[in-house]
Each structure stands twice: as C-alpha cells, then as structure tokens.
Undergrad: 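Structure provided below as structure tokens; questions to follow.
Here is how names work: the chains are called A, B, and so on, in the same order as the sequence lines, proteins then strands, and each is numbered from 1.
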Amino acid sequence: MPAIFQISEPGETRSKEACATGAVGIDLGTTNSLVAIVLGDGKPQALAVDEGSTLLPSVVHYRPGGGPGSVIVGAAARRLAADFPRDTIVSVKRFMGRSSADPETRRLSPYRFADGQSGVVRFVVGEGRLVNPVEVSAEILRALRSRAEERLGIPVKQAVITVPAYFDDAQRQATKEAGRLAGLEVLRLLNEPTAAALAYGLDKRSQGTFAVYDLGGGTFDISILKLVEGVFEVKAVGGDSALGGDDFDRALAEILLEGKERTPRLVREAIDAAKAAKEELTKNDRTVVLFHGGRREITRAQLEQVILPLVEKTAAPSKRALRDAGVPEGKGLDGVILVGGSTRVPLVRTVVRKLFGMEPLADIDPDEVVALGAAVQADLLTAESPQHDVLLLDVTPLSLGLETMGGLVEKLIVRNTTIPARATQEFTTFADAQTGMDIHVLQGERELVQDCRSLAKFTLGGIPPLPSGLARVAVTFQVDADGILSVTAREQLTGVSQAITVKPSHGLSDEEIERMLLSSIEHAEEDVQARLLIDNRVEAQRILKAAEKQLESNGDLLSAEERAQIEASMQELRDAAAGSDHHAIHERIERLDHVSADFAKRLMDRGIERALKGHAVAEFDRGEMSPHAKKAYEALQEKEKPEPSNAERG
Amino acid sequence: MSARKCWSCGHEHAAAEVICPACGKVQPPPPAETALDKFALLGFAPSFDEPEAVDDKFRTLSRKLHPDRFVRAPAQERRYSLEQTTLLNDAYKTLKDPVRRAEHLLSLRGVRGDPKMSPQFLEETMEDREKLLEAKMSGNGVEELARGVREKRDSTLAEVRALVARGGDLAQAAELLARMRYYARYLDEVEGRTAEI
C-alpha cells in the first residue's frame, strides 16, 4: 500500500471510510426499481442507474443460450418486451411468493409457465430456460447494485429493501431471498409507506398523524403513522397486494383488444399502448392510440369509467386502517401523503380527496420517495452517527394464527401489533395416548382455515402417551423486526420442542434455494472481478489526487528528473484506471508507490521538522486519523527507526 | 425487587432495570418463568388508570432498546435487544388498554384462570349475539348495541376497581374480569363491521 499519500491525506481517507459502508436503500417496485443513498450532506439521493434516469424499469429479458450478457435489465429490456413477450418478464413482483395455482398467475399475461415441484411459479424463457420470480427479482437487484457501485465508486454490500406493507410472510421471505441471491446483506425489509413517511418526516420536521396512500404499479398500501419526537409509530396498515396501475393498463387494454385475436405479442402491445394512453390522459383530456395498425381516440372520461371500480377498491382498506389507528373517518388526521406513480392519475386524487376530506401532499416525487426513505433507514442502521435521529416502529400487516378443531383459526398475533412481537398459546391433546400434534400456521383475518393463507405445517412428535387433555403443548410465535415469523412448539411435561422459521408451504423448497445459489455462484466470478476493478479504480483515483496535491505544495523537494519520473508513473496509472484490467491498475499503484518512496521519506522529514519547530501538523495528530492512515503512519514510523542491518540507512 | 449483575460490566443493579445504569448495555430478559410486572417494566406502579405519560416512556425506552439500534452490535446484544423490545411492546399494549390493564393488575395479585360463569350472564351473551347478528343483517342499530356493551364494560371495570379498593374477594374479581374480556371481544367484532361490508 502506498504509505505516502495515506498519511498525508487523513481527511480524504476518512471521507472514503464514511461512505464505504455502501449501505443503500432499494425500492424494488412492480414497474420501476430505484436505488438511493444518503451522502455526506445527510440528504438521501436517488442514483441515475438506467440511461440517465433514476428509474430502472423492473423488466428482465432473457436471451437464448445463457452465459454472460444473456440477461438484460431495465429500459433496454423493456424495448424488447413487444418483440419477445415470453422471454421478457415485466412486473415480476406480482409473482413473488405466489404459487402457480394463485389467481395472480392466471391473469392476462403473455408468459409461459412451467410447473414447479413445490408449486412455485416458473417462467419458461430464452429457449427452455426456467426461472422463478426470486431469480428474476435478483437480476433486478444485481443490476441496481452494480450500477450503483459504478456511480458511487464504492462496493455496495448492504441494503434496506422496501416491500408493500401488505406483503405476507411468503412474499417477504421471497424478497429477502432475492436480495441474498444478488449478493446483498438485507439489513431490513421496510414497508414502503413507512419509508415514504420517513422521507417526508425528515423533510418537514413535522409532528402528527399521517396517512400514506401508496398506489403503485401492482400494489395498493395504506398506512397510518404517528410521528412524535423522532419516533415514527405505524398505527395501522392495510391494502390490497394485487391492485395497482397495471390493472388500469389491463382494463384499458381490454377495450383495445375487443374483437381481436389475442396473441402474446398483441397482448403485450395492447398493454403498452394502454399504459402510454393512461399517462397521456393524466395531462390531457383526450389522446390518440396507435394500435395494431389503427388509430383510436380515447378520452379521459372513458379511462375513468373503466378504472373507477378499481380506484374505489382502495376505499375499504383505507377506512379500516383509519379505524384501526383510532382516527375514524380521518378525524384528527394531519396530512395525506401520496406515493407511487399511479397517484398521478387525476381520478385517484379525486377519490383520495373525497376519502380523507383534505388535499393530499405530493411535494416529493412520488416515484422516488420510497427509495429515499429506504436510504435514510439504511443510514440510520449502519452509520456510526446517523444523519438523523429517528426510530421506526412498525407493525404486523396481517394476523397470524393456528388451525384448531373444526378448521377454525385461532389468532395468536392480531394485525397491527407493533413488532417485534411474541405470543404463546397452550393446546392439549384431544385423543388418549396421542403422541404427535400437527401445527398448521396461518395468516389472514378470516375465521376459517380455508380462507386464510397457509404459511407452514409441521408435526411435533415425542409427546408422552397420556390421557387426552393432559399433555400440554405451548406454541410460541415470534415476529422479528423484519416482520418474519418463527414458530416454536414445546410439550410442557417432557420439554420436547421443535422450532422452525416459517417457510411458506408453497414457497421455495430448500433444494430450489440451493439450486439458485449454485447458479448464482456461476456469476460469482464475474462479480468478484467487477468488485476488484471498482476497488482498484477508487484506490487509484484517491492516490492520484493526493499525489497531485503533494507535488503542488511540496514539489520543491524533488529534482526535475525525479518529478518527471513520478509524473510518468502517475500518467501510467491514469491510463490503467481508464481500462478494465484490475491487475494492471494494481501493478501501477505499486509502481507509483515504489517510484515515490524517496519523496515520501522527504515529506516525512519535512513534517517532523515542522513539528519540532512547533508548527502543529494536522496529519500527525494520530487521534484524527482513520484506522487506515494510522496503520500506515505507524508502519512508516517503524521504517524510520535505525536498522543496523539495512545498509542503505543510517 | 431483587438485584442482579450486569453481564457486561458486573455492576449490581435492580432487576427491573433493562439498561445497566453503569455501562449502558442492554440486559438479558428475565427468565421465562418469572411473573413479569408490565407496569414496572415501563417504570410505573400498578394502577387501573392509564399511567400518565406512558406514551413518552414507551418512546424513550424504544429508542434505547429497539433492534434498529443494535444492527452493528454483537449477536448476544442483538438478541437481548430483540427480547427486551418484544417485552416492551407487549407491556405497552397492555398498559394502553383498559381491559388488558385490569387483567394484568389482577394477575399480579394472583387472580387468573377461567371462572365458571353464571347461567344468567351466559344467557345475556346469547341475547347480545343474536341482536348483533340481526343488526348486521339489517345494517342498522349496530352502533347502539356497541354503545350498550361499552357501557356494560365500563361499569364492570368500575365494579372491579371498587372491589379491589375495598379489599374484597378476588375470586369474584375473576368473574368480572371474564365478563370484561367478553365485552372487549364483542366490541372488536362490532368494530370489524365496516371493513367487511
């Protein structure tokens, strides 16, 4: 390591360390995904990651053949969607944690599905390749990560990823798995509306009770939050995990497709044309749609007519959340925050105004606000002294319970309980000498097992054979700060117990996760290369900058020849850093270090001389130094000691 | 109150302290078999009334204990943080709700279990249910019913208070408690109405 510049530039090294945690906020959206980070000034900023835009379309295209470059993500993939409707996965978020039997997979879509062993949805893409929603999402996350690394010049390893508040356990698990697959440590899954409120709360320094109305591409979320003295308490959440702007597009596409034969390509085209028309109608009263070789005028009234029933579906969950939060009918509400691109639709704003009886807030870009809030949370979680002193207290979106006699659900943790939370319930055996007990974990608000979502089933064995009703089994639910559930069953007499982290019954099996991880290892080598390149580039830039500064202020210590030699090495390093060979960059860093070793020694001498003369030299205050610089400094001090065995010294 | 030693610095402190007063480390939760005083956890004496400033106290403790504050801490501290925050959330929920609060207060005095209810009360509950069902079907009168049950809940709560204040029979309190629990459930159901329509 080039000692010289590290010791001379403690400030710079420190600033590198400050953001070297590379903890970002990611909004993994249905339509678009974004990545944001809190920079030195404390403000979250969304990064331009796709053709100059902060929005990366959540579209993944698979080319036949596989191998490097066969996966395309973002706007480039979106452009391929019409030509390759089956190989281009759009709105994959709708399929996260869903089984192939889910109604979701049967809606209007151009995809081809394969049957997964455990009922997991799998798309057939690029000539018979099978991918599941977690893998597709991981591609989006991988693209966000590597493009953010390019923008920032530092490795990105940790992330807060947002999920709709209404996501159930299976959907949360799937999202976390996708993050892991993309090589990210998922610091926290954060509810999208909470993230939005966080972005607003910091901006406005406000106190009070707020509703966050979040209508995105595929999901609707409503949250009621209370902000008091820097603590954000989520009071209630609700929503519909299968309602969003995509449904508006589909409803309008149905009009365009009337009386036409529906090929996958035509369906894709109709949806795209409908989407464009919808956006046009946000600003204008009428628009002309070019579709299937024809022209057709669509008015805003027509659009509103087909989407009104959809928009009105947001009323019931909103009212319920208001009531759960103790602000019925919106009485006592201080503001309504709009989130999600679909809240740009004028009809949505009209409905919101009527529903809450007030003009909604939309000061922060509704597309970026969630990612910005996630970045703030990532900073809160990782920075030694976070830029903001805020704490988020979130809740469980849905009730969690167990199946009891007669197919009924006994709720252990009710919805809107602040997390982390725990609940224990005792059950007894109902047959004599019963030695096993089936534990069926469910999520949902309904009374009957068949109406709730099955999360897991397992059997507690080893119960001592006793008359019925004597053996007692305590079942404990623990929900962690990510909203993920673990279940423990324990027989009280013998202490026999069994614990599981809930893996959804129709989620991914262990084998599938293993297969996915294995295939991600194939990409791992590429990832490592990319990382090394970034690391070396950053190091090169830092050193070059420091060297320039030293040449400028202490150049008098060098002869013309020495100076020319150092400058030549610097130029070589600059050239190497512009290329993509990390070995070459590293080699030239070493070379520059070698060539400038004498210069370093003279700089040291001058520094000591100044210090002896009573000039305080900031660089030598070790307390101020980053650990890196300190180590380098100490190494240099070591070198300065007379070493009799070294003939060149003394 | 028993004392215990901080796992980190060895300082002896009251068992109710969740954070070591000497070194500021979060302490492990009490053993599972201990009867937890949820009032004490938030720093209050048991009471039928909602303790003053319970919200503030909850926020202050959350700031210190929440897992978000321990993302970078060693696994042991992260576990303590999770456990303590779980207990804190539950205690807060108990203290904020009149029925849960009364229930917990009585359980601290040794009142627990499901007592046998009088046939008279059971008949009353049957009637209430039927009326609720009718009101739900017809779509009106639900709010009046709820108001009636809320009044019954409040008067039962007052009865429990008076009973405990004069040092009466706590076994009788158990039955009143079961009634309150029933009224609370009934109200939950009534209030769930708008959402289902």
Undergrad: What pair of heavy atoms forms the shortest contact from A/Leu393 to B/Ser62, and how long is it?
TA: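 Here A/Leu393 and B/Ser62 meet closest at CD1-OG, 3.9 Å.
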Undergrad: Do other residues, nucleotides or ligands put more than 12 heavy atoms under 6.0 Å from the NZ atom of A/Lys226?
TA: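 Open.
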Undergrad: Taking side chain as everything from C-beta outward and backbone as N, CA, C, O, which of these in B/Phe70 sits under 4.5 Å from a heavy atom of chain A? Side chain, backbone, both or neither.
TA: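 For B/Phe70, neither part sits under 4.5 Å from chain A.
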Undergrad: Flag yes if more than 12 heavy atoms outside B/Lys152 fall under 6.0 Å of its NZ atom; otherwise flag no.
TA: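 Buried by this count: over 12 neighbours within 6.0 Å.
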Undergrad: Look at atom CD of A/Glu426 and say whether more than 12 heavy atoms of other residues, nucleotides or ligands are closer to it than 6.0 Å.
TA: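 Result for CD/A/Glu426: enclosed.
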Undergrad: Can you give me the closest heavy-atom contact between B/Lys93 and A/Val414, atom names plus distance?
TA: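 Between these two residues, the closest heavy atoms are NZ-CG2, 4.2 Å.
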Undergrad: Checking side chain to side chain contact (heavy atoms under 4.5 Å, CB included) for the pair A/Leu391/B/Arg69: CA distance, chi angles, key distance, verdict?
TA: CA-CA 9 Å; A/Leu391 180 67; B/Arg69 302 279 152 146; 3.7 Å; yes
Undergrad: Please classify the contact of A/Gln478 with chain B as side chain, backbone, both or neither, using a heavy-atom distance under 4.5 Å.
TA: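 The side chain, not the backbone.
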Undergrad: Does A/Leu392 reach the side chain of B/His66, with side-chain heavy atoms less than 4.5 Å apart?
TA: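 Side-chain contact under 4.5 Å: no.
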Undergrad: Measure the spacing between OG1 of A/Thr417 and CG of B/Asn89 and express it to the nearest 0.5 Å.
TA: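 These two atoms lie 9.5 Å from each other.
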Undergrad: Roughly how far, to the nearest 0.5 Å, is CG of B/Leu82 from CZ of A/Arg422?
TA: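 One finds 7.5 Å between CZ of A/Arg422 and CG of B/Leu82.
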Undergrad: Does any backbone or side-chain atom of A/Leu187 lie under 4.5 Å from a heavy atom of chain B? Answer side chain, backbone, both or neither.
TA: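 Side chain only.
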Undergrad: About how many Å separate CZ of B/Arg78 and CG of A/Asp480, when rounded to the nearest 0.5 Å?
TA: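 With rounding to 0.5 Å, CG (A/Asp480) is 11.5 Å from CZ (B/Arg78).
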Undergrad: Please state whether the side chain, the backbone, both or neither of B/Leu87 comes within less than 4.5 Å of a heavy atom of chain A.
TA: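 The side chain, not the backbone.
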Undergrad: Which of the residues B/Asp68, B/Val71, B/Thr85 is involved in the greatest number of heavy-atom pairs with chain A at under 4.5 angstrom?
TA: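 When all of B/Asp68, B/Val71, B/Thr85 are compared, B/Asp68 has the most.
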Undergrad: If you count heavy atoms of other groups shown closer than 6.0 angstrom to CD of A/Glu185, is the number above 12?
TA: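 Yes, the 6.0 Å shell around CD holds more than 12 heavy atoms from other groups.
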Undergrad: As an exercise, state the distance from OG1 of A/Thr418 to CZ of B/Phe58, rounded to the nearest 0.5 Å.
TA: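 The OG1 atom of A/Thr418 sits 5.5 Å away from the CZ atom of B/Phe58.
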Undergrad: Indicate the atoms forming the closest heavy-atom contact of A/Pro420 with B/Thr86, along with that distance.
TA: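 The answer is CB-OG1, 3.5 Å.
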Undergrad: Might you work through the side chain to side chain contact (heavy atoms under 4.5 Å, CB included) test for B/Arg63 and A/Val231, ending with a clear yes or no?
TA: CA-CA 8 Å; B/Arg63 277 176 170 282; A/Val231 177; 3.8 Å; yes
